[in-house]
Amino acid sequence: MTTHHAYRRQHGEIQAAIGALTTLLRAQDAASRTFDIRVALNDLSSKVSDHLTLEDRVLYPKLREHQDARVRAAAAELQDELNGLHTVCDHYFKAWSNVTSIAARFPTFRAETRAVLARLEERMKREDETLGPVLEQ
């Protein structure tokens, strides 16, 4: 499987994991389903971690050597921003690493989750718009 195909597949898997977590958070009984939420969060964490590793170790280094200077510049900018996203995700996933912490502070958990999910979705959208055409060449 090419890096491009793995990248696209991972975006789809992350979107599906975000959808599953969002569905759980929207349920009327969400606060009582913290175990299910933690399972979904663990799935998302694993997928995000795998994807960020692929980007950081394979995709962006490759794009930073692209023949087109615009592609190199876009890749450099996106990779620099990636460090901030790594930090946010690491903090978020550690903060909500168990059912007890989620249950004890559920409104805060839900608000932080919505913010992190929005940031992930925006990031993937930006990557798809910026890098998608390059990767398909």
Side-chain angles (χ1 to χ4, degrees):
M1 178 179 297
T2 66
T3 302
H4 165 68
H5 288 104
Y7 172 81
R8 291 281 189 206
R9 178 185 50 78
Q10 287 178 349
H11 270 202
E13 290 173 354
I14 292 169
Q15 281 298 130
I18 287 172
L21 185 55
T22 299
T23 297
L24 286 167
L25 290 174
R26 286 183 180 154
Q28 287 187 353
D29 64 342
S32 66
R33 297 183 64 193
T34 54
F35 179 80
D36 295 335
I37 289 169
R38 183 61 204 133
V39 169
L41 191 60
N42 191 54
D43 182 51
L44 176 63
S45 173
S46 174
K47 287 174 176 26
V48 168
S49 177
D50 289 349
H51 185 68
L52 293 177
T53 298
L54 173 71
E55 286 184 341
D56 199 38
R57 294 186 183 162
V58 179
L59 181 66
Y60 286 110
K62 182 178 175 180
L63 291 174
R64 286 183 128 176
E65 296 176 4
H66 197 276
Q67 63 188 5
D68 186 332
R70 292 172 298 171
V71 172
R72 290 192 307 268
E77 180 181 338
L78 286 167
Q79 190 175 28
D80 290 345
E81 290 174 8
L82 188 61
N83 292 330
L85 186 58
H86 266 288
T87 301
V88 167
C89 288
D90 285 348
H91 173 75
Y92 168 77
F93 289 125
K94 285 177 187 169
W96 304 110
S97 62
N98 62 67
V99 172
T100 304
S101 63
I102 294 170
R105 298 177 47 225
F106 191 77
T108 302
F109 166 76
R110 187 185 337 226
E112 287 185 18
T113 299
R114 287 179 177 154
V116 168
L117 297 183
R119 188 160 177 188
L120 284 169
E121 287 181 312
E122 178 58 33
R123 170 64 186 215
M124 288 188 300
K125 179 182 174 190
R126 186 160 176 239
E127 286 175 340
D128 288 343
E129 291 170 353
T130 304
L131 301 177
V134 173
L135 294 174
E136 292 179 13
Q137 293 177 354

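Sequence positions, counted from 1, serve as the residue numbers for this chain. Computation of the quantities below employed the complete heavy-atom set of this structure, encompassing side-chain atoms and omitting hydrogens, waters and symmetry-equivalent molecules.
Formation of a donor-acceptor pair under 3.5 Å by the Asp29 side chain with backbone atoms of Ser32 is not found in this model. Under a 3.5 Å cut-off, the side chain of Arg72 and the backbone N or O of Gln67 do form a donor-acceptor pair. Under a 3.5 Å cut-off, the side chain of Ser49 and the backbone N or O of Ser45 do not form any donor-acceptor pair. Arg110 places a side-chain N or O within 3.5 Å of a backbone atom of Leu25 that can act as its donor or acceptor partner.
Here the straight-line distance linking atom NZ of Lys47 with atom NE2 of His11 works out to 14.0 Å at 0.5 Å rounding. Taking CG of Asp43 as the reference point, atom CZ of Arg38 lies at 10.5 Å (rounded to 0.5 Å). For the atom pair CD of Glu112 and CZ of Arg105, the computed distance is 6.5 Å after rounding to the nearest 0.5 Å. Taking CG of Leu85 as the reference point, atom CZ of Arg123 lies at 6.5 Å (rounded to 0.5 Å). Between the CD1 atom of Ile14 and the OG atom of Ser46 there is a distance of 10.0 Å, given to the nearest 0.5 Å. To the nearest 0.5 Å, atoms CG (Leu44) and CD1 (Ile37) are separated by 13.0 Å.
Residues Arg9 and Glu13 are paired through a salt bridge, judged by an N-O separation under 4.0 Å between the basic side chain and the carboxylate. Under a 4.0 Å N-O distance rule, the pair Arg126/Glu122 does not qualify as a salt bridge.
Applying side-chain contact (heavy atoms from CB on, under 4.5 Å) to Gln10 and the options Leu52, Asp50, Val48 leaves one that passes, Asp50.
Considering every non-hydrogen atom in both Arg119 and Val88, the closest pair reads NH1-CG2, 2.9 Å. Smallest separation of non-hydrogen atoms from Ile18 and Met124: CD1-CE, 4.1 Å. Heavy atoms only, all atoms of each residue included: Ile102 and Thr34 are closest at CG2-CG2, 3.7 Å. Counting all heavy atoms, side chain and backbone alike, Arg70 lies closest to Asp68 at N-OD1, 2.8 Å. Of all the heavy atoms in Ser101 and Ala95, the pair that sits closest is OG-O, 3.6 Å. Annotation for Leu21 and Ala40: closest pair CD1-CB, 4.1 Å, computed over non-hydrogen atoms.
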Take Thr22 and Arg114 through the side chain to side chain contact (heavy atoms under 4.5 Å, CB included) test and state the conclusion after the steps. CA-CA 8 Å; Thr22 299; Arg114 287 179 177 154; over 6 Å; no
Could you walk me through whether Gln79 and Glu55 pass the side chain to side chain contact (heavy atoms under 4.5 Å, CB included) test, one step at a time? CA-CA 8 Å; Gln79 190 175 28; Glu55 286 184 341; over 6 Å; no
Apply side chain to side chain contact (heavy atoms under 4.5 Å, CB included) to the pair Lys125 and Glu129, showing each step before the final yes or no. CA-CA 6 Å; Lys125 179 182 174 190; Glu129 291 170 353; 3.1 Å; yes
Tyr92 vs Leu41, test: side chain to side chain contact (heavy atoms under 4.5 Å, CB included). Steps then yes/no. CA-CA 10 Å; Tyr92 168 77; Leu41 191 60; 3.3 Å; yes
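Ring geometry, Trp96 versus Phe109: the interplanar angle exceeds 60°, so the pair is classed perpendicular (tilted spans 30 to 60°).
Placement of Val58 and Leu63 within a single hydrophobic cluster is found when ILVMFWY residues are connected by side-chain heavy-atom separations under 4.5 Å, directly or transitively. Under the 4.5 Å side-chain heavy-atom criterion for ILVMFWY residues, a single connected hydrophobic cluster contains both Phe106 and Leu24.
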